[in-house]
Amino acid sequence: MSNVEICRVLRNVAAALSIKNEKKFRFQIIAYQKAADEIENSNVEVGDLLREKKLEKLPGVGASIRSHLEEMVNTGHVKHFDSILEDVPSAVFPLLDVTGFGPKKAFRLVNEFKLNNPETVFSDIQKLGKEGRIATLEGFGEKSQSDILRAIEEYGLGKTKGNRMVLPYAGQLADKLVDYLNKSKNVIRVSVLGSLRRRRSTVGDIDIAVASNEPGKVFDHFTTYPGIERIIERGDKSCSILATSGRQVDLMVAPPEGFGALLQHFTGSKAHNIHLREHALSKGLSLSEYGIRKVGTKKDESQIMKFKTEEEFYEALDMDWIPPELREDNGEIEAAIKHDLPNLVRLEDIKGDFHIHSSYPIEPSHDMGQNSMEEMIEQALKLKYKYLGFSEHSPSISKHSNRKIYEILTLRSKYIERLRLKYKNIIRIYSLLEIDILPDGSLAIEDEAMDLLDGGIVSIHSNFDMDKDKMTERVLKGLSHPKAKILAHPTGRLLNQRSGYELDWDLIFNFCKENKKAIEINAWPLRLDLPDTLVKRAVDKGVILVIDTDSHDLKQMEMMKYGISVARRGWATCNDILNTKSYNEIDEWIEI
DNA sequence: GCCGTTTTCGGCCCGACTGTTTTCAGTCG
C-alpha cells in the first residue's frame, strides 16, 4: 500500500471525525492530519519504515497510529478506521478534493440529497445545482450554489491544488506579477513568499506580500492585472485572484513597520510556523502575521511588537534568522535557538559543472547537445567557473561495434586534449561521459574505452520498472566500476510525470561514502534529482554530492541555481558539494 | 492521538474571508 493511499485513508478518517463531532475529536483530527502531512512528505514507504522499525520516529506518528498503519499495511484494512468510516456515506470523500468543500459541506449535500454513489456524486451535485435545489437548503443560497457549480467545473478541468508548477514556471509567473505590482506608487516593497520563496521543487499557489500604507489602492491595482481570470476573494488585508494561467495568486499587504512579521508568516511552511508558535508560547509569546504579543495582554494593536524585517522578528525570539529553504520543521528551529544553523552552499560558491552535453559528434545513445565544446567553455568562463566536465551520452551500443566506440572516443580525447592546450591556465577541462547502467548492472562501454576517460557519470536510462532490491543491486554494480565517479539523476524521477524507481538509500549512501563516489543533484527543473529530503539524508551521512545542470545548450548552464535550491533545502554546505572545491582537490578525488 | 529544557498529564498556532446570518460556521493558509 502506497504512502499516497495511506494518506488518503488518514485524511478521510480525520474528515469523518469532524463530521461526527468536531469539538469532541478536535485533537484527534489534528493528529491524523499531521500524521498524513508527515507521511506525504516522507520519501520512504510506510511499509519500509515499519520493517526498519522507524515509523514512530516520524513526527506525529505515535504508538496508536503506528499500530493502525501496521494493520493497514499487513491486511489492507484497519478495523478501528472502518468503524469510524462506516457512518459516513462514501460519496462524501471524493468531494473533499474540490476547492471550497470541507467535511461539513460535503456531508450536508450528500446527506440532504441522499447521494450514495461516489462514482456519480459530482454530476449528481451539478444536476441539483442547475435545478436550483442547492440554494433552497438552509444555510445555502444562490451564491453558494453557483460557487459550488464553478468549483466542481474547475475541478473537472484539473485546476486543483494537487496540480503543481515546476520552479521556473512559478518564478516567471511571479516575476510578471512583481513587475506589475511595482508599477503602483502605493507599493513600497514586494516580496514573493510561500513555497516559491522556500524554493520547493514544485509550487502550488503564488504568494506575494506588499508593504504599503494603502492596501485598498494596492488591491485595486492588483485586481486590474491584465492576466486575471477572476477575483476569488478580496478583504481588507488580503486578496486572491485566479490568473488566466489557471493559477491562484494570493496577495497580502502590511504597513512597512510590520512587514517582517508578514514575510515570516506567509513564507511558512505551515509546520515551521506551528512549531515556532509553540516554542514562542513556552516563552510566553504569541506570534501572528502582525507581530509578537505577550500572552495575557489584550489582543489589541497597541500590545503588538512590530518588526520591519524578518531578522528582527527571529531575533526577538532569541533565534538566528532561518534561511527560507530550511523552514520545513526538520530541526531548523532547534538549530536556530542554539545558533547552530548550517552555512548553506550558495550559487557563487560553485566552481564548475560536470554534467555537460556538447554537440561533439559522438553518435550518442540518447539526445545530444546543441553547442560546441568551445562555446560551452566560453559560457563557463562567463560564469567564472574554474573547471568544466564534458559528459555526452556514450556512443550508441546498438549502432556501433566496440571497436568503433573506441575509435570515436579516441578522437574525442584528442579533441579535448587540444582544447586543454588552448585553455591551459584559464579553465580546467575534464573528459567525462554519461554512461548507461544496463539492466544487469554492467556499464554500456567496455573497459578499454573507459580508460580513455577521466571518469564516468553513470545513470539509469532504461528498464525503470525493476523492483527496489534488483535496482539497488544494479546501481551498486554500475557504481563499483573504478572509473564510475558520479551517480547522475539518482531516482530517475520527472516531476509531475513519473515518480522514479526505488532504491535502498542506506546501502547506496554507505557505498558512495566508503568508495568516494559522488551523488548528483541534477539541476534540470523537471528532475531536481536527488530530491531535497534525500539530500538531507545524504548530508547527514557525509556523502559527497555534486550539483550539475545536465545542460544541452548554453542557456541551460544557468539552471545551476535550481540545483543550489535543492542542496540548500537539504542542508548542504560547501563541504558537502564537490564542485565548490578547487580543481586540485577535484583531481585528487577523481584520481587523475 | 501526540508530546515533553517547568510536564508521562494536560495541554495542543493564529488569523482572514465569505455567505448567510444578526453572531457564526465553514474553509483556507
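Quick caveat, the model's predicted, so the values are computed rather than measured. In what follows, chains carry the letters A, B, and so on, assigned in the order in which the sequence lines appear, proteins first and then strands, with residues in each chain numbered from 1.
A close approach under 4.0 Å does not occur between any side-chain nitrogen or oxygen of A/Ser288 and OP1 or OP2 of B/dC14. The phosphate of B/dG29 has neither OP1 nor OP2 within less than 4.0 Å of any side-chain N or O from A/Lys270. Put simply, A/Lys105 has no side-chain N or O that comes within less than 4.0 Å of OP1 or OP2 on B/dG26. Contact between the side-chain N/O atoms of A/Ser240 and the OP1/OP2 oxygens of B/dC17 is not found at any separation under 4.0 Å. Taking 4.0 angstrom as the limit, A/His80 places a side-chain polar atom (N or O) nearer than this to OP1 or OP2 of B/dG1. Contact annotation: A/Tyr290 side-chain N/O to B/dA16 OP1/OP2 distance is under 4.0 Å. Contact annotation: A/Ser286 reaches the phosphate of B/dC14 (side-chain N/O to OP1 or OP2, under 4.0 Å). Here A/Ser238 reaches the OP1 or OP2 of B/dC17: one of its side-chain N or O atoms lies under 4.0 Å away.
As judged by a 4.0 angstrom heavy-atom cut-off over every strand, A/Glu233 is placed among residues touching the sugar-phosphate backbone only. A/Asp207 comes within contact range of no nucleotide atom at all, as no heavy-atom separation falls under 4.0 Å. Counting non-hydrogen atoms under 4.0 angstrom, A/Phe140 reaches the backbone sugars and phosphates but no base. A/Leu276 comes within contact range of no nucleotide atom at all, as no heavy-atom separation falls under 4.0 Å. Note on A/Glu142: only backbone sugar-phosphate atoms sit closer than 4.0 angstrom, heavy atoms only; bases stay farther off. Within the nucleic acid shown, A/Ile274 comes within 4.0 Å of at least one base atom, counting heavy atoms only. At a threshold of 4.0 angstrom between heavy atoms, the contacts of A/Arg26 with the nucleic acid are absent. Within 4.0 Å (heavy atoms only), A/Ile30 reaches no atom of the nucleic acid at all.
Side-chain atoms of A/Tyr180 and A/Thr224 form a donor-acceptor pair, as typed in the model, at a separation below 3.5 Å.
Of the listed nucleotides (B/dC13, B/dG19, B/dC28), B/dG19 has the atom at the smallest distance from the side chain of A/Asp147. The side chain of A/Asp205 lies closest to B/dG29 when the candidates are B/dG29, B/dA16, B/dG26.
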What pairs of donor and acceptor atoms, side-chain ones from residues 211-220 of chain A against any protein atom, are under 3.5 angstrom apart with sequence neighbours left out?
from     : atom 1 : to       : atom 2 : distance (Å)
A/Ser212 : OG     : A/Asn186 : O      : 2.7
A/Ser212 : OG     : A/Glu214 : N      : 2.9
A/Asp220 : OD1    : A/Arg234 : NH1    : 3.0
A/Asp220 : OD1    : A/Arg234 : NH2    : 2.9

Just distance, no hydrogens or angles: give the donor-acceptor pairs under 3.5 Å from side chains in residues 253-266 of chain A, sequence neighbours left out.
from     : atom 1 : to       : atom 2 : distance (Å)
A/Gln264 : NE2    : A/Asn273 : OD1    : 3.1
A/Gln264 : NE2    : A/Tyr314 : OH     : 3.1
A/His265 : ND1    : A/Arg277 : NH2    : 2.7

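In this structure, A/Asp37 places its CG atom 12 Å from C1' of B/dG29, rounding to the nearest Å.
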Please step through side-chain contact (heavy atoms from CB on, under 4.5 Å) for the pair A/Phe140 and A/Glu112, ending with a clear verdict.
CA-CA 12 Å; A/Phe140 289 76; A/Glu112 291 282 351; over 6 Å; no
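Contact check on A/Arg200 versus A/Glu328 returns no salt bridge, with no Lys/Arg side-chain nitrogen under 4.0 Å from an Asp/Glu carboxylate oxygen.
Using the Watson-Crick or G-U wobble rule with both distances under 3.5 Å, B/dC28 pairs with B/dG15.
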